[in-house]
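First comes the structure, then the notes that go with it.
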Amino acid sequence: MSINAKRIAAVMLATTLVLSLSACSNWSKRDRNTAIGAGAGAIGGSILTNGSGLGTVGGAAVGGIIGHQISK
């Protein structure tokens, strides 16, 4: 799989995640920010590490933590 195909797949996955999470309207602001941060972090980690699974998971973890802390 080429790098462009991996990036397109990552963007499609992130878009699906964002759309599915939009149905969770009863979440608190902190929960929403954590999920958004994790999604954005996963995209960033995937792009920065050229589609590495470890980079994607690491980006999601860091993004989730940042999103959780911002909403204090």
Side-chain angles (χ1 to χ4, degrees):
M1 191 191 273
S2 71
I3 292 175
N4 286 336
K6 287 182 182 179
R7 287 184 181 170
I8 290 171
V11 169
M12 297 282 288
L13 178 63
T15 303
T16 303
L17 177 66
V18 168
L19 290 175
S20 66
L21 290 176
S22 66
C24 301
S25 61
N26 62 344
W27 283 12
S28 69
K29 184 176 181 179
R30 174 170 277 175
D31 292 339
R32 282 190 301 264
N33 286 346
T34 301
I36 291 168
I43 293 170
S46 177
I47 290 171
L48 290 174
T49 61
N50 293 323
S52 163
L54 184 60
T56 303
V57 171
V62 171
I65 291 169
I66 292 171
H68 187 314
Q69 295 300 318
I70 287 176
S71 60
K72 279 189 174 180

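All heavy atoms count here, side chains included; hydrogens, waters and symmetry mates do not.
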* **Side-chain donor or acceptor of T34 paired with backbone N/O of R30 under 3.5 Å** =>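 The answer is yes, because a donor-acceptor pair under 3.5 Å joins these two groups.
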* Take Q69 and N33 through the test side-chain contact (heavy atoms from CB on, under 4.5 Å) and record every step on the way to the result. => CA-CA 9 Å; Q69 295 300 318; N33 286 346; over 6 Å; no
* Measure the CG-CD1 distance between D31 and I36 for me, rounded to the nearest 0.5 Å. =>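 The CD1 atom of I36 is 11.0 Å from CG of D31, to the nearest 0.5 Å.
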* Asked: If you measure from CD1 on I70 to NZ on K29, what distance do you get to the nearest 0.5 Å?
  ->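 It is 10.0 Å, given to the nearest 0.5 Å.
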* What pair of heavy atoms forms the shortest contact from T49 to T56, and how long is it? ->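 What the structure gives for the nearest pair is OG1-N, 4.4 Å.
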* Decide whether L48 and V57 are clustered together by the hydrophobic rule: side chain heavy atoms of Ile, Leu, Val, Met, Phe, Trp, Tyr closer than 4.5 Å, transitively. => no
